[in-house]
There are 2 protein chains.
Amino acid sequence: MDQLSAMRAFVRVVETGNFTRAADSLQMPKATVTNLIQNLEKHLQTKLLNRTTRRVIVTTDGALYYERAAQIVSEVDELDASLAQAQNNPGGRLRVEMSGAFADWFVIPALGGFYEKYPDIQIDIGIGDRTVDYLAENVDCALRGGAPADQSLIARRVAEVGLMTCAAASYLKRAGIPESPADVQANHHCVSYFVAAKGRTNPMTFRKDGEEILVDGRYHCSVNDARSYVAAVLAGHGIAQVPDFMVREELERGDLVPVLAEWSADTIPLYIVYPPNRHLSNKVRVFVDWLVRLLADIPAPGQS
Amino acid sequence: MDQLSAMRAFVRVVETGNFTRAADSLQMPKATVTNLIQNLEKHLQTKLLNRTTRRVIVTTDGALYYERAAQIVSEVDELDASLAQAQNNPGGRLRVEMSGAFADWFVIPALGGFYEKYPDIQIDIGIGDRTVDYLAENVDCALRGGAPADQSLIARRVAEVGLMTCAAASYLKRAGIPESPADVQANHHCVSYFVAAKGRTNPMTFRKDGEEILVDGRYHCSVNDARSYVAAVLAGHGIAQVPDFMVREELERGDLVPVLAEWSADTIPLYIVYPPNRHLSNKVRVFVDWLVRLLADIPAPGQS
DNA sequence: TTTCACTATTCGAATTTTCGAATAATAAGC
DNA sequence: GCTTATTATTCGAAAATTCGAATAGTGAAA
């Protein structure tokens, strides 16, 4: 038996004093109300309503039951509504994963605009490039460079990050300016970026006129955080391909100097990734929408 | 959808962390649990549980829902139990109708024994011979003389009350002692008992050797309460047939004197009457049982 | 990498519930 | 006292749900 429906029906019958009106207001056939209440009485082993075909009168047991049943029914409705409400006026905690660079450069500076629009959402930003257990940590979505290996995740491409080959002025003064990708491989040091998930370093890419050269040079230092990566380059540990948006100021000041500018580096596609929930919560949807618009403003590679 | 079952299932899944264990403990197939929770999520438009085939993890929305749902489910269970409890340990108010004579002579004096056994039952005794609206007044049962006219009521015969023809000594001294029923009809006054429901007085009956004579004599005073009826007889208003148990003392003292003792009066069958409830509440059952045992001790007519 | 053990989901048959119309019953009005 | 308007209940067809078995998917171990 659907006890909650039965309780609803009973409460309504008591309030309207009438099976027919109760059935109408619940938008169900009278027969169903009759059935529900008969089953409820069978379940409780008590007569709740004394009824002739003309009148319905609440028994003492029924009156007792009504008080609490009405309260419970309204509690359930309230609970249902509170979740529906949460859908329309999203709130609560939102767990997001991204790299520190994106957080520091784009998300955190712009977050004020998001708070204004959705004051009830708290955002927990997890920094790192580790593949997290989305389920176990209740991660709602992640901002990731490169297509995700996990095919079961939904990935939405949102931007393209340009890489720029450069090195610290101090390094070039000491080690000389490389003439070609092969020169880099043979006679220079790099700052290497490794991806913990893959367990290997990312080679540098040099592309020109359809020719592609991968360089996996010697390095003193390898990191898996773009900010530290830039720091390592600035410290003169070698040549590297860094996201162009991160080094604009350093290039202008001359602390960093472009290298092999006639060769273009790869670009990194940026994805928003989230688990394939049947019902994507509205909280996540509005954040993803906001993030998409935010990142649309990243200048296309090569236009910086 | 059976939302309450769905909430029960969800709560159990959260507590066991596992669909299979939840299904086992609820004694339903796993398929049903799956279905219920999918429907619940559809209804709430929110994903409550993140699940792979190996793990089930509660979402933030799910955790929120769990707290309140668990509370509501336990409230419902408690409410159900409280009504079942009331069945086993009957309590509350019990509305009973009976005549004042039965109340004063039998029920009220013996009620102490009932209270001891069922301290939680409060008995509201309605005095009167009016046919009450059982439904409207929530009357649980009634003790009535004579078979009830209303065929829809359940009547249980519990005792037989003997009537005794007598008159006050003072009356007989004044009016003389009647020789036969016809003498009563012709030359005496009666104290008459009228039944409000029937709208007419009850004739006296005289029976001997298969002969039956009805006497509907002249009267100065007619009442519809046995105690007042006896009082009228004692006051010398005439001859009457009164319940024998009510006049034992008066006969012994000689205030009342038997009349036409060779003619026997009718006896009045005593019924417990209650509405035909599909589920007779335990409260009523225990009272009726008690009443039956109590009235079984009324001496059979003619043995007093 | 492959296998294996375990778990949620899907699927079709069977049961239960729901629905609209017909029926039975009651209390008021004439 | 009879008729009528109104109401709860019953009934059979249709829809939904439940159930047990089979399936598909997952994560750990070999």
Side-chain angles (χ1 to χ4, degrees), chain A residues 1-10 12-14 16-43 47-59 62 131-136 149-153 199 275-278, chain B residues 1-6 8-10 12-14 16-43 47-59 62 131 133-136 149-153 199 275-278:
Chain A
M1 183 204 41
D2 184 346
Q3 194 177 349
L4 194 69
S5 298
M7 289 167 76
R8 280 207 169 86
F10 171 69
R12 216 44 167 276
V13 168
V14 171
T16 61
N18 187 301
F19 275 56
T20 305
R21 276 200 295 276
D24 284 350
S25 88
L26 290 168
Q27 307 201 59
M28 52 169 71
K30 291 172 288 185
T32 304
V33 176
T34 297
N35 235 344
L36 284 172
I37 288 189
Q38 282 179 355
N39 284 342
L40 187 60
E41 289 181 332
K42 203 182 297 169
H43 171 69
K47 193 144 221 231
L48 297 172
L49 299 167
N50 275 320
R51 39 199 190 275
T52 69
T53 56
R54 294 284 290 181
R55 278 189 307 170
V56 172
I57 288 149
V58 188
T59 63
T131 44
V132 298
D133 186 335
Y134 282 76
L135 273 48
D150 191 339
Q151 290 294 344
S152 74
L153 297 173
N277 285 354
R278 217 174 297 237
Chain B
M1 181 205 41
D2 184 344
Q3 194 177 351
L4 194 69
S5 297
R8 280 207 169 85
F10 170 68
R12 217 44 169 275
V13 168
V14 171
T16 62
N18 185 300
F19 275 56
T20 304
R21 276 200 295 276
D24 283 349
S25 88
L26 291 167
Q27 306 201 60
M28 52 170 71
K30 292 172 287 186
T32 305
V33 176
T34 297
N35 235 343
L36 284 172
I37 289 189
Q38 282 179 355
N39 285 342
L40 187 60
E41 289 181 332
K42 202 182 296 167
H43 171 69
K47 193 145 221 231
L48 297 172
L49 299 167
N50 274 320
R51 39 200 190 276
T52 69
T53 56
R54 295 284 289 181
R55 278 190 305 170
V56 172
I57 289 148
V58 187
T59 64
T131 45
D133 186 335
Y134 283 75
L135 272 47
D150 191 339
Q151 290 295 343
S152 75
L153 297 174
N277 286 353
R278 217 175 296 238

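Letters go in sequence order (proteins before strands), and every chain restarts at 1. The basis for the numbers below is simple: all heavy atoms, side chains too, and nothing from hydrogens, waters or symmetry mates.
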**Q.** Given DNA chain C, 5'-ward residue of the pair A/R54 and A/T32, judged by closest heavy atom
**A.** A/T32
Q.
I need the CG-C1' distance between A/N35 and C/dG20, as an integer number of Å.
A. 14 Å
Q. When we call it a touch if two heavy atoms are under 4.0 Å apart, what does A/V33 touch: a base, just sugar-phosphate, or nothing?
A. nothing
Q) Expressed in angstrom and rounded to an integer, what is the separation of A/K42 atom NZ from C/dT17 atom P? A) 9 Å
Q) Where the side chain of A/R55 is concerned, which of C/dA27, C/dA8, D/dG27 is the nearest nucleotide? A) C/dA27
**Q.** Per B/A31 side chain, nearest of listed nucleotides C/dT18, C/dA8, C/dC11
**A.** C/dC11
Q: Compare side-chain N and O positions of A/N39 against OP1 and OP2 of C/dT16 and report whether any pair is under 4.0 Å apart.
A: no
Q | Closest to side chain of B/T34, choosing from C/dG20, C/dT7, C/dT10 | A | C/dT10
Q: Could you please name the option among D/dA8, D/dT26, C/dT9 that lies closest to any side-chain atom of B/T52?
A: D/dT26
Q) Between atom CG in A/D24 and atom P in D/dT7, what is the gap in whole Å? A) 10 Å
Q: Rounded off to whole Å, could you give me the NZ-to-P distance for the B/K30 and D/dT18 pair?
A: 17 Å
Q: Select one nucleotide: of C/dT9, C/dA8, D/dG20, the one nearest the side-chain heavy atoms of B/Q38.
A: C/dT9
Q. What integer distance in Å separates B/D2:CG from D/dT17:C1'?
A. 10 Å
Q | Distance in angstrom units between B/M1 CE and C/dT16 C1', rounded | A | 17 Å
